[in-house]
Amino acid sequence: MTLYDELVARGLIAQVTDEEEIKDLINHGKATFYIGFDPTADSLHVGHFMALNLMRRMQKAGNRPIALVGGGTGMIGDPSGRSDMRQMMTTETIQHNCDRFKEQMSKFIDFSEGKAFMVNNADWLLKLNYVELLREVGACFSVNSMLRAECYKQRMEKGLSFLEFNYMIMQSYDYYHMYQTLGCNLQCGGDDQWSNMLGGTELIRRKLGKDAYALTITLLLTSEGKKMGKTQGGAVWLDPEKTSPYEFYQYWRNVEDADVLHCLKMLTDVSLDEISTMESWEGSQLNQAKDRLAFELTRLVHSEEEAAKAQETARGLFSNGGDLANMPTTTLTDEDLTDGAIGILDLMVKCGLAPSKKEARRLVEQGGVEVNGEKVASGSVVYTAENLAGEGLMIKKGKKIFHRAVL
RNA sequence: GGAGGAGUACCCAAGUGGCCAAAGGGGGCAGACUGUAAAUCUGUUACGUUUCGUUUCGAUGGUUCGAAUCCAUCCUCCUCCA
């Protein structure tokens with residue numbers, strides 16, 4: 001099975017500009033392709049994972065990936081969404097984020113010896129001169145057709161600032177620039193980027209009379225049409241400091257029945273044959289598929305070892321007889337104690353199990369908190385330094401959130 | 001630049017002097033039921049030293065015994081005109 005066919009079979013490809021050409025390019029390792037990432041945080045998250053995965057697969061087949069970080073667009077602030085206050089990021093922050101990105105990407109992509117590039121669009125976008133830019137590329141964009149683009153259409157009702165309107169031009173310019181400097185001939189991105197990406201291919205055609213291609217990745221949505229990788233606490237991060245391997249594992253272990261196979265196909269390397277045997281599974285049997293999904297993804301993002309540990313811990317907590325060593329743990333210091341003791345409410349806040357004592361109290365009152373297997377009866381329960389010594393306390397919040405507190 | 005309209009909690013949205021920590025819906029969290037799933041039902045959803053107190057209705061001042069609600073100024077957004 002060729003790379004392209006595999007991508008299609010896994011449902012990863014949403015739209016392409018020229019199927020035959022792209023097939024030829026990527027199947028034969030002739031593509032130099034780029035995917036853009038906005039350095040708005042100091043870690044990549046699950047939303048980026050699809051893109052990383054695609055880059056990894058493509059690189060394996062001999063294609064050359066370019067990871068583009070949006071340092072230039074980041075200077076202005078990503079106008080998408082409805083953020084009231086765009087945070088102006090400092091050059092240092094952007095640089096810091098870029099470094100972290102590269103570190104994380106290195107797990108998926110081999111950056112050695114020209115096998116892949118990492119570039120920052122700040123390097124060329126910030127130097128642009130307004131009038132020069134207008135003269136250079138302004139004539140190549142038709143406002144009429146831009147307004148017809150899906151991404152703007154939706155914004156027409158709510159209002160669209162000139163800044164946002166220019167986003168497509170910036171992105172198109174990126175492609176145009178890299179086409180010339182790095183020989184980039186394919187742009188990949190989320191399906192929501194389709195019209196921006198077409199802007200780039202169009203610009204290259206008009207300016208240079210050359211063909212460049214674009215391919216979009218299917219957005220990973222739940223069966224209810226929501227973006228995957230979001231929890232109440234925000235994104236599911238790839239950085240183990242921000243989302244521990246155990247939590248990461250749990251996120252996937254808890255996906256809905258309807259989404260498991262879909263995720264296995266799109267995100268993991270589990271063979272299509274194997275996945276097809278799971279298609280007949282029903283009911284609780286699907287738990288095996290979820291187990292597999294969680295393990296595979298944790299392995300890809302963290303390591304085989306971490307994946308095994310997370311699985312062990314999960315089995316220990318949910319079906320007994322496993323090793324509990326790896327559950328998320330908070331280590332308290334003497335300063336956290338008052339007279340050598342700490343109340344359950346403070347303890348929960350310290351462990352990040354509740355955002356406020358009020359919330360912690362509510363959880364206790366509703367019977368949602370257990371410590372060492374015993375339901376906590378009231379918010380006034382206090383634990384001493386002795387309780388916290390050694391193995392510490394195992395706090396259970398709700399049905400599936402476990403946390404250890406030690407001194 | 002002119003005329004009008006709007007800004008309420010995580011989101012949408014009621015409330016137009018005291019009974020408002022603020023209806024209703026969505027979302028979240030917890031309980032029951034389950035398969036670490038979904039659906040359903042119940043409770044809950046500003047903060048705290050919790051029969052009470054403190055801070056909240058774009059911002060700042062003011063009127064009043066009392067303001068989300070009235071007045072002034074400012075900020076932001078939308079619609080129409082230019």
Side-chain angles (χ1 to χ4, degrees), chain A residues 79 81-86 154-164 221-228 230-236 244-264 278-279 281-295 297-298 310-322 324 326-328 338-339 341-346 348-371 375-382 394-403:
Chain A
R82 22 130 92 248
S83 52
D84 309 324
M85 263 302 184
R86 279 182 228 93
Q154 294 166 1
R155 295 304 226 93
M156 289 307 283
E157 299 188 1
K158 281 230 155 192
L160 174 73
S161 72
F162 187 63
L163 183 76
E164 286 173 292
L221 301 174
T222 66
S223 53
E224 280 159 9
K226 291 185 191 155
K227 273 192 185 174
M228 289 209 75
K230 293 267 186 229
T231 64
Q232 80 290 352
V236 176
S244 73
Y246 172 76
E247 288 168 299
F248 185 86
Y249 179 93
Q250 280 299 311
Y251 177 81
W252 297 106
R253 182 55 247 265
N254 283 308
V255 298
E256 295 176 21
D257 286 8
D259 298 323
V260 201
L261 295 180
H262 195 222
C263 288
L264 275 168
M278 298 180 189
E279 266 158 24
W281 293 2
E282 280 179 9
S284 57
Q285 200 177 8
L286 277 171
N287 277 333
Q288 291 171 47
K290 292 183 191 179
D291 203 64
R292 185 70 192 277
L293 173 70
F295 181 85
L297 283 175
T298 312
Q311 193 171 50
E312 264 295 284
T313 305
R315 285 181 179 161
L317 292 169
F318 290 98
S319 45
N320 301 323
L324 304 184
N326 205 41
M327 90 174 83
T338 311
D339 298 329
I342 185 168
I344 180 65
L345 303 183
D346 282 313
M348 288 183 66
V349 174
K350 279 276 183 325
C351 292
L353 294 173
S356 68
K357 289 177 74 170
K358 175 92 176 177
E359 176 86 31
R361 185 186 302 276
R362 192 153 44 230
L363 284 163
V364 171
E365 279 168 2
Q366 292 187 129
V369 181
E370 282 179 23
V371 170
K375 194 157 277 186
V376 177
S378 100
S380 54
V381 173
V382 168
M394 208 245 311
I395 309 166
K396 180 183 176 198
K397 178 210 158 199
K399 274 175 291 192
K400 40 193 170 184
I401 298 174
F402 296 86
H403 200 97

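Numbered from 1 within each chain, the chains take letters A, B, ... in sequence-line order. What's counted below: heavy atoms across the whole structure, side chains too, no hydrogens, waters or symmetry copies.
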*Applying a 3.5 Å limit to both distances, which nucleotide forms a Watson-Crick or G-U wobble pair with B:C19?*
none

_Base contacts versus sugar-phosphate-only contacts with protein, heavy atoms under 4.0 Å: please encode nucleotides 35-40 of chain B as B, S and - from 5' to 3'._
BBBSS-

*Encode nucleotides 44-57 of chain B as B, S and - characters from 5' to 3', where the letter depends on protein heavy atoms closer than 4.0 Å: B to the base, S only to sugar-phosphate, - to neither.*
SS-BBSB-------

*asked:* Less than 4.5 Å apart, side chain to side chain, heavy atoms only: is that true for A:D291 and A:Y249?
replied: yes

_Run the salt bridge (Lys or Arg N to Asp or Glu O under 4.0 Å) test against A:E359 and tell me which residues pass, sequence neighbours left out._
A:R362

*Using the P atom on both, measure B:G15 against B:C65 and round to a whole Å.*
28 Å

_Rounding to an integer number of angstrom, what distance separates B:C10 and B:A46 when you compare their C1' atoms?_
12 Å

*Test item: A:F318 and A:Q250 side chains (from C-beta on) under 4.5 Å apart, heavy atoms*: yes

*Watson-Crick/G-U partner (both atom distances under 3.5 Å) of B:U79*: B:A3

_Distance between P atoms of B:U73 and B:G24 (Å, rounded)_ = 37 Å

*Report the distance from atom NZ of A:K358 to atom CG of A:L363, rounding to the nearest 0.5 Å.*
12.5 Å

*Rounded to the nearest angstrom, tell me the gap between atom NZ in A:K397 and atom P in B:G28.*
13 Å

*asked:* Could you work out, with side chain to side chain donor-acceptor pair (under 3.5 Å) as the rule, every residue matching A:K350, not counting sequence neighbours?
replied: none

*Partners of A:H403 by side chain to side chain donor-acceptor pair (under 3.5 Å), sequence neighbours excluded?*
A:T330

_Gap in Å between the two C1' atoms, one belonging to B:C47 and one to B:U42, rounded_ = 26 Å

_Only pairs with both distances under 3.5 Å count, Watson-Crick or wobble alike; so what is the partner of B:C29 in this structure?_
B:G43

_Using atom C1' in both nucleotides, what's the gap between B:A9 and B:C41 to the nearest angstrom?_
26 Å

_Please list all pairs meeting salt bridge (charged side-chain N to carboxylate O under 4.0 Å, His left out) that have one or both residues in residues 248-263 of chain A, counting only residues at least two apart or in different chains._
A:D257-A:K290

*Under a 3.5 Å cut-off for both distances, is B:C74 Watson-Crick or wobble paired, and to whom?*
B:G58

*P-based separation of B:A21 from B:U55 [nearest Å]*: 13 Å

*Is A:C263 close to A:M228 at the side-chain level, that is, under 4.5 Å between some pair of heavy atoms?*
yes

*Using the C1' atoms only, state how far B:U69 lies from B:G25, rounded to an integer number of Å.*
23 Å

*Using Watson-Crick or G-U wobble geometry with both distances below 3.5 Å, tell me the partner of B:A68, or none.*
none

*Which distance, rounded to the nearest 0.5 Å, do you find between the CE of A:M348 and the NZ of A:K397?*
7.0 Å

*Please state the C1' separation for the pair B:A39 and B:A13 - nearest whole angstrom.*
27 Å

